[in-house]
Amino acid sequence: MKLKTKDLLTLEELSSKELSQLLDLSIKFKNDLKKGKHSSLLENKTLAMIFEKPSTRTRVSFETGMFQLGGHALNLSSNDMQLSRGESIEDTAKTLSRYVNVIMARVYDHKIIEKLAKHSSVPVINGLSDSFHPCQILADLMTIKEKKKKLKGLKIAWIGDGNNVCNSLIYGCARSGLSISIATPKGYEPDKKVVKDSKKHTEVELTNDPIKSVKNADVVMTDTFKSIHNQDPKRIKKFLPKFQVNSSLMKHAKKNTIFLHCLPAKRGSEVSSSVIDGPQSVVWDEAENRLHSQKALLASFSI
Ligand code: CP
Ligand code: NVA
């Protein structure tokens with residue numbers, strides 16, 4: 001399968017069918033790797049990875065993924081590029097497009113990745129912006145599918161900040177037939193347009209009550225209250241103690257509810273260690289699945 005979209009910036013670009021096929025391919029790549037089967041699908045292809053901000057999972061999973069598919073990844077800190085001396089995004093995009101087959105970028109401002117995509121002739125993947133984190137949601141949906149054996153009809157509870165991960169998750173739910181209940185403090189709701197568009201395809205509930213959200217949820221998810229692009233310590237006070245995912249909140253969910261967190265996590269803040277290190281947590285499978293789902297993504301672009 002080759003994706004119709006040139007770029008992946010939000011997750012909205014994928015059709016339900018494409019997303020479902022990507023998840024199946026991710027699971028296939030995972031099984032193949034376990035059996036020692038390798039593919040050289042991306043032999044002689046290169047991926048440029050531009051990082052304006054720190055990363056552990058995104059960087060290592062993309063680089064390892066390219067290597068395992070026979071290709072090569074270049075790690076480019078924006079500080080070491082001429083971007084830091086004022087070269088424009090347009091000129092950077094045009095130049096990189098003459099060398100590499102795909103560009104992945106982690107940026108502060110979503111407008112930068114839009115500009116990069118507009119001026120690149122090769123596919124551009126958003127490796128996290130202030131507004132979206134589509135690659136994370138590929139891994140999250142893959143993890144949910146592995147654990148629950150289906151996606152359609154499940155309910156996700158998102159607790160805390162209606163942030164970049166949450167925005168892409170809403171699109172993922174809309175494309176996969178999951179309902180989502182999002183519990184945030186007032187003023188921390190996800191993007192209005194994302195919610196409005198997604199409500200046409202699935203149930204998207206916004207509430208200020210985490211207990212209401214987790215009732216009947218098959219999956220509970222949260223993320224840091226202090227993101228890479230917003231370190232304001234005053235934010236935390238808006239979330240704690242009410243929006244922490246801890247054992248007493250999880251008691252309101254089902255016995256077999258699973259817990260996901262994109263990581264990095266702050267134990268004692270958005271999640272208690274009893275939950276993230278407890279039996280319902282699948283965060284290490286989730287982190288591993290970044291590798292397999294991004295390999296599926298890279299293999300599905302027309303490059
Ligand atoms: N979840 C995630 O994107 O992790 P990194 O910030 O380590 O890449
Ligand atoms: N929402 C977090 C995700 C980190 C992977 C952030 O933007 O920092």
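When a residue number appears, it is its place in the shown sequence, counting from 1. Ligands are counted one by one from 1 in listed order, and the atoms in each one are counted from 1 as well.
A 6.0 Å sphere centred on CD of E87 holds more than 12 heavy atoms belonging to other residues, nucleotides or ligands. When the shell of 6.0 Å around NZ of K53 is examined, it contains more than 12 heavy atoms from other residues, nucleotides or ligands. More than 12 heavy atoms of other shown residues, nucleotides or ligands fall within 6.0 angstrom of atom NZ in K2.
For atom 4 (O) of ligand 1, the nearest protein heavy atom (residue, atom name, distance) is R57 NE, 2.9 Å. Here the heavy atom of the protein found nearest to atom 2 (C) of ligand 1 is R290 NH1, 3.3 Å. Nearest protein heavy-atom neighbour of atom 6 (O) of ligand 1: R106 NH1, 2.8 Å.
Near T56, with a cut-off below 4.0 Å to any heavy atom, the atoms of ligand 1 are 5 (P), 7 (O), 8 (O). Close contacts between ligand 1 and C262 involve ligand atoms 1 (N) [criterion: under 4.0 Å to a heavy atom].
Between Y188 and F243, a ring centre-to-centre spacing not shorter than 6.0 Å is recorded.
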Which pairs of donor and acceptor atoms, one on a side chain in residues 110-117, lie under 3.5 Å apart (sequence neighbours left out)?
from: H110; atom 1: ND1; to: S129; atom 2: OG; distance (Å): 2.8

Under 3.5 Å, side-chain donor or acceptor atoms of residues 88-96 against the rest of the protein: list the pairs with distances, not counting sequence neighbours.
from: S88; atom 1: OG; to: D91; atom 2: N; distance (Å): 3.0
from: T92; atom 1: OG1; to: S88; atom 2: O; distance (Å): 2.7
from: T95; atom 1: OG1; to: D91; atom 2: O; distance (Å): 2.7

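Defined by atom type and a distance below 3.5 Å, a donor-acceptor pair is present between the side-chain atoms of Q294 and S61. For the residue pair T207/D209, the side-chain donor-acceptor check at 3.5 Å is not satisfied.
Between E146 and K30 there is a salt bridge, since a side-chain N of the basic residue sits under 4.0 Å from a carboxylate O of the acidic one.
Residue-level proximity to ligand 1 for L128 is absent, since no heavy atom of it falls below 4.0 angstrom. Only the side chain of Q136 comes within contact range of ligand 1, with a heavy atom under 4.0 Å; no backbone atom does.
Listed as neighbours of ligand 2 are L128, N163, N164, D223, T224, S227, I228, H229, L263, each bearing a heavy atom under 4.0 Å from the ligand.
In terms of the side chain to side chain contact (heavy atoms under 4.5 Å, CB included) criterion, residue partners of T46 (sequence neighbours excluded) are, by chain and number, H72, L74, V100, N101.
At a 4.0 Å cut-off, at least one heavy atom of H133 sits close enough to ligand 1 to count as contact.
Ligand 1 has no N or O atom lying under 3.5 Å from any N or O atom of P54, backbone or side chain.
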